[in-house]
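We name chains A, B, ... by the order of the sequence lines, and we start the count at 1 in each one. In this text the structure is predicted, and so the values were computed from the model without any measurement.
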Protein chains: 2
Amino acid sequence: MASRMLVNGVASEVVSAADRGFSYGDGLFESIRFVGESAPLWDRHMQRLADSCRRLQLPLPDTAQLLRESRQVRDAMAHAVVRIAWTRGVGERGYSPPAAATPTRVVAAFPPPPMDGAVYARGVRTRLCTLRLAEQPQLAGMKHLNRLEQVLARAEWNDPAIAEGLLCDGGGRLVSATMANLFAVIDGELVTPSLQRCGVAGVARAQILARAENATERDIRLPDLQRASEVFLSSSVRGVVPVQSLDDWGWTPGPVTRQWQRHWRQLGFPMEYAA
Amino acid sequence: MASRMLVNGVASEVVSAADRGFSYGDGLFESIRFVGESAPLWDRHMQRLADSCRRLQLPLPDTAQLLRESRQVRDAMAHAVVRIAWTRGVGERGYSPPAAATPTRVVAAFPPPPMDGAVYARGVRTRLCTLRLAEQPQLAGMKHLNRLEQVLARAEWNDPAIAEGLLCDGGGRLVSATMANLFAVIDGELVTPSLQRCGVAGVARAQILARAENATERDIRLPDLQRASEVFLSSSVRGVVPVQSLDDWGWTPGPVTRQWQRHWRQLGFPMEYAA
């Protein structure tokens, strides 16, 4: 069987304990859904990775090499999530980034989370997390390796009937779910939270913003969400998932959610997946 | 020669690429100054580590084992910094922390940074960082592995004449330096920034707060610092270091700084160290 993990191009399951990814979370990652050989949002993943490398002053990856290695680790898997980590590599003790870093790349394939047809048809139940995301414009939008806030937020519940937690920032503005972006239809308009202060700018979100005739990024608060006619989550791994409830509030999937689910199918993503 | 790094008690230089420390920065670390066999602030390091484990819902370490392994990796080094990493261990893909985590521990010895007598006598030059630390009370105070803010702040300058950068939060309150805590004598009173919102609560800082007759944790802003009679940094690795300047402002080391430097010598720390 093909190796499901490559570290710097070599079959391996370990990284240096002196890697700055391990020492400081000094790096980035992407979780990319493959259907056979194809990753329909590949270019958007690579665009985000390159943009974030520039912001963190990390060397840019060779995207052709990443694609080759992604296909290698998913070899013969009909469905896969390929996780690419791209760190500042091995460094001396201390925060100061080396002038010429040699990044570490880890490319690994996993089976996608099983997704039930009912989830796409009826939606998922969510809760409001207690944790408030910190506002850090210099890190906002990036899928970097500093994810303790998401770990703490996800640890707030273990009821398997609750699929996701929604997160606000310190100012009470909605940001996202713990592992997906948030969209709502409010007064007939498709809106998603602005991510200038915190949050991860997902590639599924970017796809919707690029293809929507009029979708707006703006500040959204809980009362705005309460009067939304539709609420859904977007994720590169899970696609477009209706939100059925947030604690005691409920919504029914409507025409805008269905339109984006159709778009996802047209891109080539299955809307169900059994492990 | 003794191995200078132990991973889960075994001589090794690698960790699993699926370790949550590498995937999400989901863990903690301590950097502990050893003088021979002795680590004068050991108990404070272990106290902070245990407190942070409780806050992150991580299993508590066996501190006797950590001490044994720390002594093993520093074997025959007259001076050492022992870095202990304590992560949530290997996990599945996804933020949700495993119900029963098996932590990964990495214990590694390094030579301390060389410290010149002139640094302790006259102090260091510092700059004000542009980056503002994000306010996250649920992570404030801990020495966790999410350190991208410190990496970005430290990357703001490369003039070797500047030893440190001071950091404010988004509200303009001083927090710390990139790798040390901050103290000032203002109106005759020893003060250090409150760390309820962000920053790392250093063990050297804890030692000073515990031993000072009257030292106060409170909000400090730049105009407060400008009128300080003394400013110094505290660090478990470097000890008590006077701040000579912050950009265009200057201070002269005074009696309070000297008193804490004497205290450090009495604890058994050298105030100079040549590589």
Side-chain angles (χ1 to χ4, degrees), chain A residues 5 7 12-27 29 31 55-57 81 83 85 87-88 92-97 99 104 106 108 110 113 130-139 142 144-155 158 170 178-179 197-198 237, chain B residues 5 7 12-27 29 31 55-57 81 83 85 87-88 92-97 99 104 106 108 110 113 130-139 142 144-155 158 170 178-179 197-198 237:
Chain A
M5 186 183 286
V7 177
S12 171
E13 295 185 342
V14 296
V15 294
S16 168
D19 194 280
R20 292 175 61 97
F22 185 72
S23 301
Y24 304 126
D26 189 4
F29 69 109
S31 296
R55 291 176 65 191
L56 293 183
Q57 301 171 53
V81 173
R83 187 187 200 272
T87 80
R88 209 180 305 269
E92 306 264 298
R93 215 182 55 80
Y95 297 129
S96 187
T104 297
V106 179
F110 301 87
T130 305
L131 180 135
R132 300 298 188 99
L133 292 171
E135 299 175 29
Q136 178 49 273
Q138 287 189 242
L139 295 176
M142 292 193 273
H144 55 65
L145 295 172
N146 279 200
R147 300 266 72 109
L148 268 174
E149 289 188 318
Q150 281 70 26
V151 172
L152 289 182
R154 186 58 191 79
N158 52 30
T178 66
M179 53 181 183
R197 301 180 191 87
C198 48
V237 169
Chain B
M5 186 182 285
V7 177
S12 170
E13 295 186 341
V14 296
V15 294
S16 167
D19 195 277
R20 292 174 61 97
F22 185 73
S23 300
Y24 304 128
D26 189 5
F29 70 110
S31 297
R55 292 177 63 189
L56 293 184
Q57 301 171 49
V81 174
R83 187 187 200 272
T87 81
R88 208 179 305 267
E92 307 263 298
R93 215 181 57 79
Y95 297 128
S96 187
T104 298
V106 180
F110 301 86
T130 305
L131 180 135
R132 299 296 187 97
L133 291 170
E135 298 175 30
Q136 178 49 273
Q138 287 189 242
L139 295 176
M142 292 194 273
H144 55 65
L145 295 173
N146 278 202
R147 300 264 73 108
L148 267 175
E149 290 188 318
Q150 281 71 24
V151 171
L152 289 182
R154 186 58 191 80
N158 52 30
T178 65
M179 53 180 182
R197 301 180 191 88
C198 49
V237 170

>> Less than 4.5 Å to any heavy atom of chain B: does that hold for the side chain of A:P113, its backbone, both, or neither?
In response: side chain
> Quick one: what part of B:S31 sits under 4.5 Å from any heavy atom of chain A, side chain, backbone, both or neither?
Replying inline: side chain
> Considering all heavy atoms of both residues, which atom of A:F29 and which atom of B:Y95 are nearest to each other, and what is their separation?
Replying inline: CZ-OH, 3.8 Å
> For the residue pair A:Q136 and B:E149, what are the closest heavy atoms and their distance?
Replying inline: NE2-OE2, 2.5 Å
>> Which one wins on heavy-atom pair count under 4.5 Å against chain A: B:E92, B:R93, B:R88?
In response: B:R93
> Which atoms form the tightest heavy-atom contact between A:A85 and B:F22, and what is the distance?
Replying inline: CB-CE2, 4.2 Å
>> Show, in sequence, the C-alpha distance, side-chain angles and deciding distance for A:L152 and B:R55, and conclude whether the side chain to side chain contact (heavy atoms under 4.5 Å, CB included) test is met.
In response: CA-CA 10 Å; A:L152 289 182; B:R55 292 177 63 189; over 6 Å; no
> Between A:M5, A:R83, A:H144, which residue shows the highest count of heavy-atom pairs closer than 4.5 Å to chain B?
Replying inline: A:R83
>> What part of A:Q138 gets within 4.5 angstrom of chain B, counting heavy atoms only: side chain, backbone, both, or neither?
In response: both
> So which heavy atom on B:A17 is nearest to which on A:V106, and how close?
Replying inline: CB-CG1, 4.3 Å
>> Heavy-atom cut-off 4.5 Å, strictly under: side chain, backbone, both or neither for B:L139 against chain A?
In response: side chain
> B:E135 versus chain A, heavy atoms under 4.5 Å apart: side chain, backbone, both or neither?
Replying inline: backbone
> Checking A:R197 against chain B: side chain, backbone, both or neither under 4.5 Å from a heavy atom?
Replying inline: neither
> What option among B:A134, B:C198, B:G25, B:A153 has the most heavy-atom pairs under 4.5 Å with chain A?
Replying inline: B:A134
>> Quick one, A:D26 with B:L148, criterion side chain to side chain contact (heavy atoms under 4.5 Å, CB included). Give me CA distance, side-chain angles, the key distance, then yes/no.
In response: CA-CA 6 Å; A:D26 189 4; B:L148 267 175; 3.5 Å; yes
> At a heavy-atom separation under 4.5 Å, does A:T87 approach chain B through its side chain, its backbone, both, or neither?
Replying inline: side chain
> Looking only at heavy atoms, which two atoms of A:L145 and B:S23 are closest? And how far apart?
Replying inline: CD2-O, 3.3 Å
> Hey, which of A:V237, A:V81, A:N158 has the most heavy atom pairs under 4.5 Å with chain B?
Replying inline: A:V81
>> If I measure from the heavy atoms of chain A, does B:D19 come under 4.5 Å with its side chain, its backbone, both, or neither?
In response: side chain
> With only heavy atoms counted, which part of A:E13 is less than 4.5 Å from chain B, the side chain, the backbone, both or neither?
Replying inline: backbone
> Looking at B:G170, B:A99, B:G21, which has the largest count of heavy-atom pairs under 4.5 Å with chain A?
Replying inline: B:G21
